[in-house]
**Student:** 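This is the structure I have questions about; it appears just below.
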Amino acid sequence: MDQIVNKLLLSKLCTEGDNSIAVYNPADDSVIGYIPSLSSSEIYQKIEQSKAAQQKWQGKTASERSAVLQRWYQLVLENADDLARIMTMEQGKPLAEAKGEVMYGASFIQWFAEEAKRTYGETIPTPVASRRLMTIKQPVGVTAAITPWNFPIAMITRKAAPALAAGCSCLVKPANQTPLSAYAIAELAYQAGLPQELLVVINNHSSVVVGDIFCNHEDIKKLSFTGSTEVGRTLIKLTADTVKRTSMELGGNAPFIVFEDADLDAAVAGAVASKFRNAGQTCVCANRFYVHDSIYDQFVDKFITAVSHLKIGNGLDEGVSIGPLIDKKSKTNVLHLIDQARAQGAQLRFGGESLAGCFMQPTILSEVTQDMSIVSQEIFGPIAPVLRFNDVDDLIEKANDTIYGLASYFYTQDLNRAFKVAEALEYGMVGINEGIISTEVAPFGGVKQSGFGREGAKQGIEEYLSTKYLCIGGM
Ligand code: NAP
């Protein structure tokens with residue numbers, strides 16, 4: 001057992017057995033540790049305890065809640081190296097990237113510690129002289145979160161921090177592949193003074209068991225989900241019976257467009273960052289590249305040169321920029337997409353090889369066309385399919401021709417075009433001359449089947465608040 005994992009997680013880990021879930025390191029398939037699989041009755045008990053704790057928590061002043069979150073934020077910063085190490089071990093991303101995620105995750109705790117104090121209501125000009133009208137904001141109550149393995153900390157803090165800031169409690173079900181980061185970040189919240197019943201990590205061998213309980217329990221007033229569109233659809237249906245409030249951060253199929261007047265070196269740098277971070281396993285990763293015919297060959301050559309410098313390896317090793325994929329099943333799917341695209345006429349220009357275990361080479365495909373399946377699917381791996389375009393109207397139609405609407409990117413020096421294209425793209429987020437756009441101060445979220453609701457920014461806390469209207473008569 002790694003010393004560092006031990007320090008933050010000792011009390012949370014259990015021994016191998018029927019009621020435990022093994023956590024693996026995707027870099028070498030070794031078992032890092034075991035976490036408890038909670039039974040349904042244990043989960044019901046946690047919900048009951050959380051409800052009681054939430055009643056007290058909502059009675060605290062915003063400043064009191066903010067102070068706990070501020071202490072949590074400081075502890076995350078102090079433990080950033082250990083958290084990053086845990087994350088790399090269970091998720092595979094390079095250590096520097098894991099540290100980046102820890103800092104990004106921490107930024108939501110700090111942001112919502114501040115926002116806790118700004119949940120303003122309104123006074124409303126009255127249409128009746130004898131009345132005064134106003135609104136107040138109140139926490140929605142006990143909330144639940146289901147999060148994916150690709151951002152094991154940030155996807156939790158983006159939900160738990162605004163929930164706690166608003167006066168809610170939060171039961172979190174992290175992916176069974178990356179629960180250690182969840183336990184570690186929660187442990188730091190407890191050390192900061194947060195009662196344990198307000199932030200509860202829950203895993204079961206079957207995510208369906210937890211999902212069913214979260215969706216159907218009357219005392220859970222809100223579910224926030226980040227994950228695939230497929231699972232999102234199931235959860236939306238399940239929450240209908242209790243008419244539960246939901247936020248859905250789902251899959252993406254981001255177009256990355258390079259116009260003929262783009263700064264090509266900046267576009268290539270943005271393309272590498274957007275496509276290959278986390279080995280291509282992010283919802284906002286560029287999924288398909290549209291490059292103007294007049295600069296197509298030049299772009300592809302420069303892209304290949306840049307990608308050839310990426311070092312593949314165990315994320316704990318110095319200088320590694322691409323770690324393993326999360327598991328072998330994922331690698332098989334990604335390799336299949338390459339084979340399929342090549343059979344449909346795409347040219348393999350770089351990479352394409354399967355390496356040992358969960359590793360694979362970053363891959364560039366050229367002469368890709370809109371009809372190929374790799375264009376319509378979320379790849380979730382390190383493959384960059386590059387398409388040609390000439391006509392802007394046709395390009396926009398193709399860029400929008402997807403069920404998804406999360407992130408999109410384009411590079412141009414033309415201000416007029418920048419506004420028109422940004423307005424025409426049917427996506428919740430647009431990066432203009434930028435390949436990495438996420439920040440705690442801006443609203444993150446999608447349209448179409450990429451979901452609804454926003455995380456971060458001033459909108460993020462609203463997801464955990466209800467607006468109550470007060471009408472005072474007889475004045
Ligand atoms: P996933 O299969 O949908 O799983 C996400 C979470 O849901 C995991 O905790 C999983 O648990 C759980 N889950 C799976 N089936 C469930 C069910 N029937 N009921 C309740 N919970 C269930 O997605 P993933 O493969 O982990 O993550 C990749 C997907 O997430 C991609 O589509 C990506 O685009 C999306 N994503 C979106 C955002 C965003 O902000 N929009 C951010 C990151 C990722 P187990 O893993 O334990 O089974």
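For ligands, and for the atoms within them, numbers begin at 1 and follow the listed sequence.
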**Student:** Side chains of N176 and K173: closer than 4.5 Å at any heavy-atom pair?
**Tutor:**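 Result yes, sub-4.5 Å side-chain heavy-atom pair found.
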**Student:** Please check if the side chain of N204 supplies one atom and the backbone of S40 the other of a donor-acceptor pair under 3.5 Å.
**Tutor:**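 Looks like no, no N/O pair under 3.5 Å.
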**Student:** If only side-chain N and O atoms count, and only distance matters, is there a donor-acceptor pair under 3.5 Å linking E197 with S169?
**Tutor:**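 S169 vs E197: no donor-acceptor pair found between side chains.
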**Student:** In terms of ring plane angle, is the pair Y44 and H217 parallel, tilted or perpendicular, where the classes change at 30° and 60°?
**Tutor:**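 Y44 and H217: tilted rings.
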**Student:** F289 and F303: aromatic ring centres closer than 6.0 Å?
**Tutor:**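 For F289 and F303, the ring centres are under 6.0 Å apart.
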**Student:** Give every residue pair that meets the salt bridge (charged side-chain N to carboxylate O under 4.0 Å, His left out) criterion with at least one member in residues 200-220, sequence neighbours excluded.
**Tutor:**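 Listed by first then second residue: K51-D219.
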**Student:** How would you list, by chain and number, the residues with a heavy atom under 4.0 angstrom from ligand 1?
**Tutor:**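 These residues qualify: I146, T147, P148, W149, N150, M155, R158, K173, P174, A175, N176, S207, V208, G211, F225, T226, G227, S228, V231, L235, E249, L250, G251, G252, C283, E378, F380, L406, F444.
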